[in-house]
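Below is one structure; the comments refer to it alone.
No experiment lies behind these values; they were computed from the predicted model shown. Quick note: numbers below take in every heavy atom, side chains included, and nothing from hydrogens, waters or symmetry partners. Just so you know, ligand 1 is whichever comes first in the structure, and atom 1 is the first atom listed for that ligand.
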Amino acid sequence: MSDKIDYLLEDIETITPSPEFVAASPVPTDLDERAKADRLGFWAEQARDLHWHTPFTQVLDWSDAPIAKWFDDGELNASYNCLDRHVLAGNGDRVAIHWEGEPGDTRTITYAELLGEVKRAANLYESLGVTAGDVVAIYMPMLPETIVAILAAARIGAVHSVIFGGFSADSIRQRVEDANAKLVVTTDGSFRRGKVLPLKDTVDAALDGGGASVEHVLVVQRAKNDVSITEGRDLWWHDEIAQVSDEHVAKAFPAEQPLFILYTSGTTGKPKGLLHTTGGYLTQASFTHRTLFDLQPETDVYWCTADVGWVTGHSYLVYGPLANGATQLMYEGAHDFPDLGRWFELIQKYGVTILYTAPTAIRSYMKTGRKIPEAYDLTSIRLLGSVGEPINPEAWEWYREVIGGNRVPVVDTWWQTETGAVMISAIPSQTSLKPGAAQKPVPGIVVSVVDEQGNRVDPGEMGLLTITEPWPAMARGIYGDRERYVETYWSQFPGRYFAGDGAGVDKDGDLWLLGRVDDVMNVSGHRLSTMEIESSLVDHPFVAEAAVVGATDETTGQAVVAFVVLKQSQADKIAATDPVSDLRSHVAKDIGSFARPREVHIVDELPKTRSGKIMRRLLRDVADGKAVGDTTTLTDSAVMSAISSGMAQGS
Ligand code: WT7
C-alpha cells in the first residue's frame, strides 16, 4: 500500500474563518497548545466542566489496556449533568427541545419540563424493578419520549441499548438476547412518509419465542394504530407515568458505570455491542459538541438530523447538546415528506443556527437542485457540520454555498461508534478550512497514519488511520466479549487502535479520510457488513452462495450490490417467482429496510481465488461498471467474463 494520492501534494485553497465569527466564538484559542503540553491534565480540565458528585483524583488508568478507566474514583450522574444542573443554575425555562412531528404537530419542552418527565420515567423504571446495571432496550422513533427513556435509564444507573427503529424483529431479538435486556421501551407505531410503521408489532415478533429476559414492554402511544397488549408484560407508558411521582433524586454512580451498549456491524456476520461508560464519554461528547460547533447555548438553535438509534444521535442529539444546555430541534419524519422542502422549512421556522447532517443528504439535495433550498430563508445558519462518510469537495462546496449562503464554516467530523465522540475535525473559529478534509485531531487526541508495518506514511501516501493514545470516550470493549474487542481493533498494530479506515496526510499536515479498508460498507452513512448481508442471503432457501459488495453510488456513497448463485435443486420453485425481488425483500425483512440491496445479480459462479476466497474486489469493479482488473489469481477467469457480459445485458 504505497499508493500515491496526488491531490494531497497540491496547493488547496483554504477558507479562513470570518473575523466576526472568530470574535463571537466562545471557544478558547489555546486548547491545542494546552492539550499538547499536558494531555491528561487537559482532559481532566474538560471533565471538571461536568458536575461530579464525588470529584475524581485519577485521570487515566491504562493498566488493563485496551480497556481504559478514566476519572475512575470520581462519581457522577449523566442525567443530572444533562438536566438538573441546568435547572439549578436558573436555566429551567430554556427550551431543550423544539420537537416537530412528521404530520406537523409540535411540542416545546424546557429543561425543567424534560427533567420532570425524566424523573417520572426513572421512578417508573424503578417501580418495574429495573436497577443499576440492568439493560433497557429502546426501540423508538424520534420522539421526546425517546430522549426521556434514555436519560431515565442513565439516571438510575441502568444501561440503555437503543435499537434503530428500522431494524427487523430478528435484529431486535439478537440485540435483546445478547444484552439480556430486562425492559423494552417502544411505541405503538411511528410516522414515516405519511404511513404508520408498526413498531410494537415488530417488538412482539422479536419477543415471540425469544428474549426471555424481558419482563416488561412499555409502549408510548404515538400513531394510535392497533396493537396487541400481552397482559402482565406490556404496559402503556402514559398510564404508568401518570401514577408515579415527579420527584426523583439522582444518585451518584462511578465514572466507569456502563452507560450504553450500541450495536454496529463489523466484518463478521454478528453485530458487535460496543460498551460505553459514563464519565469519559460525557466529557468528550460535551467538549467536542461545544468546541466543534462553537456552541453559544443562550442563542443557538442546534439541529442534528441523525436518528437517535445511531451513535451520532447518542452523542450529538442526546448527551452532547443536553450536557451543554443547548436548545435543539428534533424532527420525527422523513426529509422528503410531504415534499423535499421539509428540512429547509424547519430551518426557517425554528431559526436553526447550527446544522449537523450527512453527506448523503447533501448529495441528494444537490441532485434535486438548489431551487428547493433557495425557496427558504436559511440566513439563521451560522455553522454547518458533516458526519458519517467522506464528504467530497463538490458536496462540501455546495453545502457551504447553497445551505450556508457562502458565509459559514463547514466542519467535517470523523469518528465512529467505537470512538464515542468526534476525533478529527476542524475547529471552526480557528482552522482554515479545506473542502473535503476532516483536517485535525481534536485537541487531546493523538492519531497516526501508517503503512501496513505500522510506519508513519509520508504526506501524499495512502495509509491506515490509527489512534495512538487512549481517549476519554473510547469504547470499553464489546459487551461480553473482550477477546473480540482486542482482536478486532488492537491486534493489527499492537498497542494502538486501528479504525478500519484508510487515510492520507496532505502537505500541510491535514488529514483526509478515505473510506473503509475492510469488508464494511457505508450506505447513506449507515454501517453495513458485507458478511451480514451475505449470510442473510444464504439463509434464503433459493441461494447456494452469495457475495456482497459496496458499489459506488452518487447519492448514498456506497450501495449494496449482491451476486448470488441459485440452487439447481430449487429451479422449479424459482421459476415460479421473481427471485431478485424476493431476495431484496428477504434482506430487508431479515436485517432492516436500510440494508435492502440496490441490485441482486444472479450468476452461475462466483469468482474465487485458488484458495477459495471470493474476490470481492473484482465484483466491485463489475458493479462500478469498470473494466475488470487482474484476474490471474482466479480459478477460472471465464467466470468474470460471464458475469461482466451478463451485467452488460442488464441481468
Ligand atoms: C465509520 C463509522 C460516527 C458517526 C456516524 C457513523 C465513516 C464517519 C466520517 C467522516 C469519512 C467517516 C468511517 C468510520 N465515517 N465519519 N467525517 N469522513 N468517513 O458511525 O456507523 O460507527 O461508522 O463511518 O468509515 O469508520 P459508524
Side-chain angles (χ1 to χ4, degrees), residues 162 164 166-167 260-267 271-276 281 284-285 288-289 292 304-320 356-363 384-393 395-396 399 410-426 433-442 445 447 449 464-467 471 473-475 478 488-489 497-504 510-530 532 550 556-558 592 594-595:
V162 180
F164 171 60
F167 275 113
F260 66 87
I261 302 168
L262 190 59
Y263 289 83
T264 190
S265 297
T267 50
K272 300 173 288 214
L274 275 309
L275 176 70
H276 284 280
Y281 170 79
Q284 195 180 332
T288 49
H289 179 262
L292 309 175
C304 166
T305 65
D307 192 279
V308 68
W310 308 109
V311 77
T312 309
H314 283 59
S315 303
Y316 298 104
L317 190 132
V318 181
Y319 289 108
Y356 191 32
T357 193
T360 187
I362 300 162
R363 288 193 298 262
L384 297 169
S386 173
V387 62
E389 50 185 312
I391 180 165
N392 44 314
W396 195 102
Y399 193 28
V410 177
V411 289
D412 173 20
T413 61
W414 179 91
W415 59 297
Q416 307 178 296
T417 306
E418 293 84 347
T419 69
V422 177
M423 302 293 280
I424 301 174
S425 168
L433 300 170
K434 209 175 262 178
Q439 296 193 281
K440 304 276 181 215
V442 161
I445 299 299
V447 308
V449 179
L464 303 169
L465 180 69
T466 63
I467 304 167
W471 62 101
M474 68 197 299
I478 294 173
T488 310
Y489 304 103
Y497 175 85
F498 173 49
D501 280 55
D510 280 328
L511 292 157
W512 293 70
L513 276 303
L514 303 169
R516 303 288 307 196
V517 294
D518 52 13
D519 290 330
V520 169
M521 294 171 287
N522 190 325
V523 178
S524 297
H526 295 160
R527 196 200 293 198
L528 292 170
S529 150
T530 53
E532 201 178 340
T556 58
Q558 285 186 310
F594 57 93

For Y263 together with F167, are the ring centres under 6.0 Å from each other?
no
Among W415, Y281, Y497, which one satisfies ring pair (Phe, Tyr, Trp, His ring centres under 6.0 Å) with W471?
Y497
Only heavy atoms of T312, strictly under 4.0 Å: list the atoms of ligand 1 that pass.
4 (C), 5 (C)
Identity and separation of the nearest protein heavy atom to atom 3 (C) of ligand 1
W415 O, 3.2 Å
Near L513 (heavy-atom distance under 4.0 Å), the atoms of ligand 1 are 11 (C), 18 (N)
Please check if any side-chain donor atom of S529 sits under 3.5 Å from a side-chain acceptor atom of S265, or the reverse.
no
Run down the list V520, T417, D501 and name the one with the heavy atom closest to atom 27 (P) of ligand 1.
T417
Best match, G388, P390, G313, S425: closest heavy atom to atom 24 (O) of ligand 1:
G388
Can you confirm whether L465 sits close enough to I424 that some side-chain heavy atom of one is under 4.5 Å from a side-chain heavy atom of the other?
yes
Contact partition for E389 relative to ligand 1, non-hydrogen atoms under 4.0 Å:
backbone
From V387, T413, L528, L465 - option closest to atom 17 (N) of ligand 1 by heavy atom
T413
Under 3.5 Å, is there a donor-acceptor pair linking the side chains of T413 and Y356?
yes
Between H314 (side chain only) and G309 (backbone N and O only), is there a donor and an acceptor less than 3.5 Å apart?
no
Counting each atom of ligand 1 from 1 as listed, which ones have a heavy atom of N522 under 4.0 Å away?
7 (C), 24 (O)
Give the ring-plane orientation class for F594 versus W310, where under 30° counts as parallel, over 60° as perpendicular and anything between as tilted.
perpendicular
For S386, is at least one N or O under 3.5 Å away from an N or O on ligand 1?
no
